[in-house]
Structures are given as structure tokens and as C-alpha cells.
Amino acid sequence: MRMTTPILSSVELPAPLPRSFYLQQTLIVARRLLGKTLVRRFPDGTVATGRIVETEAYTADDPACHAFRGKTERNRAMFGPPGHAYIHLNYGLHFCLNAVTAAEGVAEAALIRAIEPLQNASRLFRNYYGEVAAEDAFTPEYLESIARADKRLGAGPGRLSKSLAIDRSFDDTDLAEADSAFFLAEGAEVREEEVVTTTRIGITKGADLPWRFYVQSSGFISRR
DNA sequence: TAGACGATAGCCT
DNA sequence: GGCTATCGTCTAA
């Protein structure tokens, strides 16, 4: 028996973080994004949420930053106002979601590398794996519980984008606007002793900078 | 306009 | 832990 996907009304949705949040130093923003809530509103009106547990910072004077060599068509969003999304394709396969930081004209961003599914994890599950034949054999509650425990749905920037059905067409989405397809909202505070600060993943330039942050206790980290 | 390579993830051993 | 699919973007010519 198939049950309908739970629909969260807009009344229940948390308010987006103010644009001023993204005007703090990029390293501070990356750190403070830990614990925040990523809210995704799908075209059919259903909503899924996740808790951010891993981020990285990219600054204008950082050789690993896509905008290091100046403005191009690809990185245009990073030069725009803070609080927008910068989404790029990586390795020809995976999309990566960034929150643009710093004042307009200054190209910096925080990469969101991992989330823990919160509400409507089964929707992320479907996005990631496609329609599952065995789905009808389980209760929605059971599907939701296994989906919430599935680390593939959020641990890694490419997996995260696939689960949330986010691609390059969402580049420049306003993350401080409640009507956007997705935005960032307040969440549970992550204590300082819970945060691990380390070097970034998968880059060769600026590889020694400790600009990656993750929640130590989370099981949804892309790489320890 | 060709050539190089990248902010990865999945599969195989 | 190693290998590789796969393609948009940038750079140099």
C-alpha cells in the first residue's frame, strides 16, 4: 500500500537565515553553518530538511577557489550578493552546493559538504536511488527510518546534491528567501568542542589550509 | 579550438 | 585502498 509523501505546510517552515549572516568572515560562516538546517522545497510542494554537518571555506585570495583567477561565466554567482547559492559541476559528474559569502563583488563561498537527513528523508532516498520497487512493501515510517540512517543521502557534496535534486540550473538561488527552492535556516547550536577543524578534501592548491569543519559526533561525514 | 584537469563517488580487489 | 567514469570549464595557442 503506497502512502502519500508527508507535506509540510509553509507555516511549519523555519525562517531563512538573514543575509547579514553571510556577511561575516567566510571562515566564520563555514563554521557557523554547522548545525544549521537546509530546507528544500520540491516542485510538487513537499519539503525535506537536513542538518548541515560538514563545510569548507573558499576565499578570494585562496588558490583553490574557483574565483581566484577572476570572474567567469561559471563562477559569476560567487561575485554576486551574499546569501545566494553557487553551484558547480565537479569531475563532470557531481554538483556541489556553496553558500556565497562576503560583500557583493568579493568572490568567497562556503561549500556545504554533508547533511544529516531530518524531515522527509524518504523523499531524498527516492531522489538518490530512483523509485524503489520494494518501496510498497514497507510502511512510510519504516522507509523514513531507513532513509534517515542512510549515509549515502548526504555524506559528500555530490551525494547531497543528488538527494536534494539540486543541479546547475539552481545556481544563484537566494538562500535568504523563504520562497526559494531551497534555503538555509536556524538549527541546533553545535558546541565548540564538537567541531573538528581540518584540511580540505580533494584539492591540490591551498591543500594545507585548515578550512574544513565538521561535527565530530555525526555519522554523516564524507571523510574522517 | 584542442588539451588538460578538477572542491567526487562507486565499484572492485 | 586503488582505479576510473565522465564532461564542463579554463587556458593557451
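Both backbone and side-chain heavy atoms feed into the values below; hydrogens, waters and symmetry mates do not. Chain naming here is simple, since letters A, B, ... match the order of the sequence lines and numbering starts at 1 in each.
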Checklist entry - If we ignore angles and hydrogens, is there a donor and acceptor under 3.5 Å between the side chains of A:Glu56 and A:Tyr58? => result yes

Next on the checklist: Once you apply a heavy-atom cut-off of 4.0 Å, does A:Arg200 come out as touching a base, just sugar-phosphate, or nothing?
Outcome noted: nothing

Checklist outcome for this item: Walking DNA chain B from its 5' end, the first of A:Arg152 and A:Ala109 to be reached, judged by nearest nucleotide, is A:Ala109

Checklist entry - Would A:Tyr58 count as stacked on B:dA7 if the rule is ring centres under 5.5 Å and plane angle under 30°? => result yes

Checklist entry - What is the distance from NZ of A:Lys151 to C1' of B:dT8, rounded to the nearest Å? => result 20 Å

Item to check | Between P of B:dA7 and CZ of A:Phe95, the distance in whole Å | outcome: 15 Å

Checklist entry - Within less than 4.0 Å of OP1 or OP2 of C:dC10, is there a side-chain N or O belonging to A:Arg74? => result yes

Item to check | Whole-Å gap separating P (B:dT8) and CG (A:Leu160) | outcome: 14 Å

Checklist entry - Could you state the CG-C1' distance from A:Leu89 to C:dC10, rounded to the nearest angstrom? => result 14 Å

Next on the checklist: For a quick check of understanding: with a heavy-atom distance under 4.0 Å over all strands, which category does A:Leu111 fall into, base, sugar-phosphate or nothing?
Outcome noted: base

Checklist entry - For A:Arg223 and B:dT8, what is the distance between atoms CZ and C1' respectively, to the nearest whole Å? => result 8 Å

Item to check | Polar side chain donor-acceptor pair, A:Glu54 to A:Ser222, under 3.5 angstrom | outcome: yes

Next on the checklist: Whether A:Asn90 contacts B:dG6 is assessed here as follows: a side-chain N or O lying under 4.0 Å from the phosphate OP1 or OP2. Is that the case?
Outcome noted: no

Checklist entry - What's the CZ-C1' distance between A:Arg212 and B:dA7, to the nearest Å? => result 11 Å

Checklist entry - Taking NE2 from A:His94 and C1' from B:dG6, how many angstroms apart are they, rounded to a whole number? => result 11 Å

Next on the checklist: On DNA chain C, compare the nucleotides closest to A:Arg168 and A:Tyr91; which residue's is nearer the 5' end?
Outcome noted: A:Tyr91

Next on the checklist: Hydrogens and angles aside, do A:Tyr86 and A:His66 bring a side-chain donor and acceptor to less than 3.5 Å of each other?
Outcome noted: yes

Checklist entry - With a non-hydrogen cut-off below 4.0 angstrom, is A:Leu93 in contact with a base, only sugar-phosphate, or nothing? => result base

Checklist entry - Separation of A:Asp167 atom CG from C:dG8 atom P, in whole Å? => result 13 Å

Next on the checklist: Tell me whether A:Leu175 shares a hydrophobic cluster with A:Phe42, the cluster being built from Ile, Leu, Val, Met, Phe, Trp, Tyr side chains joined at under 4.5 Å.
Outcome noted: yes

Checklist entry - Would you say a side-chain N or O of A:Arg69 is under 4.0 Å from OP1 or OP2 of C:dT11? => result yes

Checklist entry - Would A:Arg123 and A:Thr46 count as having a side-chain donor-acceptor pair, cut-off 3.5 Å? => result yes

